[in-house]
Number of protein chains: 2
Amino acid sequence: MQLIGVLVYVCTMENDDIHIDFENSIGPWLGKTVKIIDYAFQEFLKYKGLDLTKEQMIVLKKLHDKNGLNQNELAFLTLRNKSSLTRLLSKMERKNYILRKQSTKDKRVNNVYLTQLGKEIFFKTKPIIEEMITDIESNISEKEKEQIINILKKIQSNFNSKIESL
Amino acid sequence: MQLIGVLVYVCTMENDDIHIDFENSIGPWLGKTVKIIDYAFQEFLKYKGLDLTKEQMIVLKKLHDKNGLNQNELAFLTLRNKSSLTRLLSKMERKNYILRKQSTKDKRVNNVYLTQLGKEIFFKTKPIIEEMITDIESNISEKEKEQIINILKKIQSNFNSKIESL
DNA sequence: TCCAATTAGTTGCATATGCAACTAGTTAAA
DNA sequence: TTTAACTAGTTGCATATGCAACTAATTGGA
């Protein structure tokens, strides 16, 4: 597992940047943290023997919350491009986790449903999600959790106005 | 720009999840924030007419900090797999931003250097990096910046032990 | 000295992703 | 009603990425 070395290294790495104070800015810290979490999640899924990516898991979860969402809605909820979603769903359909059903009201629309297998897979994945959440937040106080989420909300809103103005 | 709609939507979205408290956990907030930042960054680079991805920019920056790093070191510093780095460098070499030079001391090693063009591109990119950092941190106080970086460090260290124990 | 183990980098195969162009179905306006 | 504009989803082309298997070079131990 090559990346582990990388992660350990980076996490103990101090600022090596004397040109731009890049490593002491929020952005790079966010990026690294998410990379580490994503990697751990993927490892964890593999370790538990689940044939599933993090992205596919999120789709399963959204469908578990509300079965029959259409692809547009799923793309919105999972924060991805509709073409990316198309291909994600195709892979999941091939594995028989989900099912596309053309809407009778509007033939352009596909409603997406969990299959029995998809439900089972999600059921197996749920404790992993919960454990990931616990792991991320261990050693983090309730107050810190509030703090970080508030700061993240602020950052996001900074970019909403930014993107709209482009 | 399709994603903009997505971003605006998601950022005003409240917790729709009654099964697992996923949307009020740190993980998903981190993920969304990074996605938004990455997207804005990419848009910004395109807007400025730079033929460069965020990933390539990071490589340029690392080489600007220390020209002649080998691929192994670059992979470490940029937190990516060596095979991914190989291909990233190939694309950058094709664009004549960087140059691989085989080490005479150890013929297995490639030292990587910025070309003149690579230096120019980095020079043009630098203000964009600085503006991104400013954007991310606007409306964020110095104290909050410290807070979030500390929390992120804690989260990262949670996963160091986790990954090592797998 | 010579062979085994290690190391740096590449490549095949897989995933995920965005944009732009496309098809097909729907809506709205002339 | 008929056509233009829009919408949902797909596909081609591009990027980035990880793992495993590979090559070539180096190192270290018997």
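Every chain is numbered from 1, with letters handed out A, B, ... down the list of sequences. Computed over heavy atoms, backbone and side chain alike; hydrogens, waters and symmetry mates excluded.
For A/Asn110, counting side-chain heavy atoms from C-beta on, the closest listed nucleotide (C/dG9, D/dG12, D/dG9) is D/dG9. Of the candidate nucleotides D/dT17, C/dT17, D/dG9, D/dG9 has the atom lying nearest to any side-chain atom of A/Lys82.
Here B/Asp106 pairs with B/Arg108 under the side chain to side chain donor-acceptor pair (under 3.5 Å) rule; sequence neighbours left out. For A/Asn139, the side chain to side chain donor-acceptor pair (under 3.5 Å) criterion is met by B/Asn158, not counting sequence neighbours. The side chain to side chain donor-acceptor pair (under 3.5 Å) search around A/Asn111 returns none, not counting sequence neighbours.
Residue pairs meeting the side chain to side chain donor-acceptor pair (under 3.5 Å) criterion with at least one member in residues 88-97 of chain B, sequence neighbours excluded, are B/Asp51-B/Lys95, B/Gln56-B/Lys95, B/Ser90-B/Arg100, B/Glu93-B/Arg100.
The distance from atom CG of B/Asp51 to atom C1' of D/dA14 is 12 Å, rounded to the nearest whole Å.
When heavy atoms are screened at a 4.0 angstrom cut-off, A/Leu88 is found touching the sugar-phosphate backbone but no base atom. Within 4.0 Å (heavy atoms only), B/Thr86 reaches at least one base atom of the nucleic acid. Across all strands shown, B/Gln56 has heavy atoms under 4.0 Å from sugar-phosphate atoms exclusively, and none from any base.
Residue A/Arg108 places no side-chain atom within donor-acceptor reach of the base of C/dT26, judged by atom type and a 3.5 Å distance cut-off alone.
A salt bridge is absent between B/Glu146 and B/Lys143: the closest approach of a Lys/Arg side-chain nitrogen to an acidic carboxylate oxygen does not fall below 4.0 angstrom.
Looking at residues 89-107 of chain B, you'll see B/Lys91, B/Lys105, B/Asp106, B/Lys107 sit with a heavy atom under 4.0 Å from some atom of DNA chain D.
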Just the table, please: protein N/O against nucleotides 1-4 of chain D N/O, every pair under 3.5 Å.
none

